[in-house]
Protein chains: 2
Amino acid sequence: MHQTFDAALGINLLHVNQEGADHNRAHFDAWGITCLNLMSSPGSGKTALLERSLPTLRQEFRIAIIEGDMTTELDADRLRQHDVPVIAINTGRSCHLDSKMVAGGIHRLERDYNPVEFDLVLVENVGNLVCPAEFEVGEHAKVALLSVTEGEDKPLKYPVMFQEADCLLITKLDLVPYLDVDVDRIIANVRQMNARATIIPVSAKTGEGIEAWHDWVRSQHSAKSVTGRSQSNGAALAESP
Amino acid sequence: MHQTFDAALGINLLHVNQEGADHNRAHFDAWGITCLNLMSSPGSGKTALLERSLPTLRQEFRIAIIEGDMTTELDADRLRQHDVPVIAINTGRSCHLDSKMVAGGIHRLERDYNPVEFDLVLVENVGNLVCPAEFEVGEHAKVALLSVTEGEDKPLKYPVMFQEADCLLITKLDLVPYLDVDVDRIIANVRQMNARATIIPVSAKTGEGIEAWHDWVRSQHSAKSVTGRSQSNGAALAESP
């Protein structure tokens with residue numbers, strides 16, 4: 001976190017961001033969309049996970065991706081090969097997506113597609129284990145990834161991300177034999193920060209744990225279909241996001 | 001980067017940070033200290049590199065560490081086992097060290113030791129591939145680490161860090177056989193961003209490349225001993241940092 005209070009305007013930037021996130025979420029709710037926000041360090045395997053999951057999940061869900069990167073459309077181009085709409089947002093010097101940027105993505109979804117035709121919007125955030133956790137974008141749940149190569153101590157050292165996560169994927173499980181790392185120790189450290197998150201060790205390479213991750217995604221959309229739609233009946237959507 | 005302009009005060013926070021960094025550097029210069037700022041994603045191996053290097057480097061240099069972490073002294077405690085002073089700075093919710101925090105570390109160095117007795121101050125920044133690159137802390141050179149597990153595309157996707165680096169260490173070389181990664185491709189991508197940085201592939205585990213890294217550290221302190229001391233003769237040090 002850098003400066004979050006603009007003294008001239010007398011406003012807290014995190015509060016402004018939260019209002020935008022709530023507005024984005026009201027749109028998703030009205031359209032029956034479940035939005036998941038994927039966050040991690042650079043190179044923890046967010047894009048690789050989506051590449052592994054899209055062939056299965058797109059058989060069941062109509063999916064759009066909002067892909068955040070400081071520069072380039074490298075990740076967006078990888079995901080476009082899976083025949084899903086990918087809206088690329090370049091954040092420039094910003095180290096995280098915020099709700100205003102994602103609102104821009106929602107506008108493009110409205111302009112180029114019919115949003116009610118979608119079930120899932122998967123947001124891939126900028127690779128950063130700190131700041132994205134503080135800027136909600138309108139998601140219904142937060143998914144944090146931690147690769148086994150990053151070390152056992154990361155949940156203790158970067159607490160906010162692990163406190164905020166609804167689902168924690170421990171990625172690159174296939175590399176465990178080559179590392180001095182204990183997955184049970186990672187899980188114990190996550191639990192020190194967060195008693196409620198679903199924790200799923202996975203390998204996008206071998207497929208281990210991927211079905212459990214898909215089940216979690218399914219559970220999120222089911223829960224949403226029951227509660228989210230009814231919640232959204234009264235949502236005020238007077239203005240565009 | 002988040003908000004960097006405080007409209008009420010009419011000041012650019014990056015500019016204020018830079019003034020603090022210049023002040024810190026003037027202190028280091030006056031004491032004959034070379035300061036290196038180590039930056040990378042979480043888990044790229046900054047602490048492991050220092051653990052590997054300290055037994056050799058502390059034979060040649062009097063070293064102090066400034067250790068930045070959001071919370072905990074886990075890394076600081078690892079490095080304290082190498083009989084060097086380690087000043088731990090917990091940044092709280094901040095995703096990077098800034099020059100004011102490091103000035104606090106310098107104060108502690110002055111209070112508890114005699115700064116002129118040191119040759120090297122090694123700053124280990126918070127794990128983040130974005131924000132630390134924009135906040136100078138008073139270093140004479142920036143060292144960026146990128147582990148081979150993070151993927152070949154990171155220099156293109158996180159340009160500021162790679163543009164700013166004076167030395168780029170490609171870490172965890174021992175894991176290459178187990179990954180779909182081409183170190184030459186990483187190097188080519190770094191070169192697209194930065195024509196001048198020294199690039200050294202290393203493994204803290206096997207020791208590969210570590211002597212080349214030590215040579216680079218030696219070259220920085222030698223260059224500093226020739227030019228830095230004379231530059232610092234005119235440095236104004238009226239106030240403490």
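Numbers restart at 1 for each chain; the letters A, B, ... are given by sequence-line order, proteins then strands.
No side-chain heavy atom of B:Asp69 sits less than 4.5 Å from a side-chain heavy atom of B:Val126. A heavy-atom distance below 4.5 Å is not found between the side chains of B:Asn125 and B:Phe135.
Interface remark: A:Asp98 contributes no atoms to any contact with chain B (heavy atom separation under 4.5 Å). With a 4.5 angstrom heavy-atom cutoff, B:Thr71 touches chain A via backbone and side-chain atoms both. For chain A, the nearby parts of B:Lys157 are the backbone and the side chain; heavy atoms of each come within less than 4.5 Å. In this structure, the portion of B:Leu175 lying under 4.5 Å from any heavy atom of chain A is its side chain and not its backbone. Interface remark: A:Leu74 contributes side-chain atoms only to the contact with chain B (heavy atom separation under 4.5 Å). Of the atoms belonging to B:Asp75, it is side-chain heavy atoms, and not backbone ones, that fall under 4.5 Å from chain A.
Of the listed residues (A:Ser147, A:Ala48, A:Pro42, A:Ser44), the one with the most heavy-atom contacts under 4.5 Å to chain B is A:Pro42. Chain B forms more heavy-atom pairs under 4.5 Å with one residue of A:Asp180, A:Asp174, A:Asn128, A:Asn90 than with any other, namely A:Asn128. Contact count against chain B (heavy-atom pairs under 4.5 Å) is highest for A:Gly127 among A:Gly127, A:Gly92, A:Pro159.
For the residue pair A:Asn17 and A:Ser99, a side-chain donor N or O sits within less than 3.5 Å of a side-chain acceptor on the partner.
Of the possible polar contacts, one joining the B:Asn194 side chain to the B:Ala165 backbone as a donor-acceptor pair under 3.5 Å is found.
Considering all non-hydrogen atoms of both residues, B:Ile210 and B:Ser53 come closest at CG2-OG, 4.4 Å.
Distance check, rounded to the nearest 0.5 Å: OG1 of B:Thr47 to CG of B:Leu79 gives 5.5 Å. From A:Thr149, atom OG1 reaches atom NZ of B:Lys172 across 4.5 Å, with rounding to the nearest 0.5 Å.
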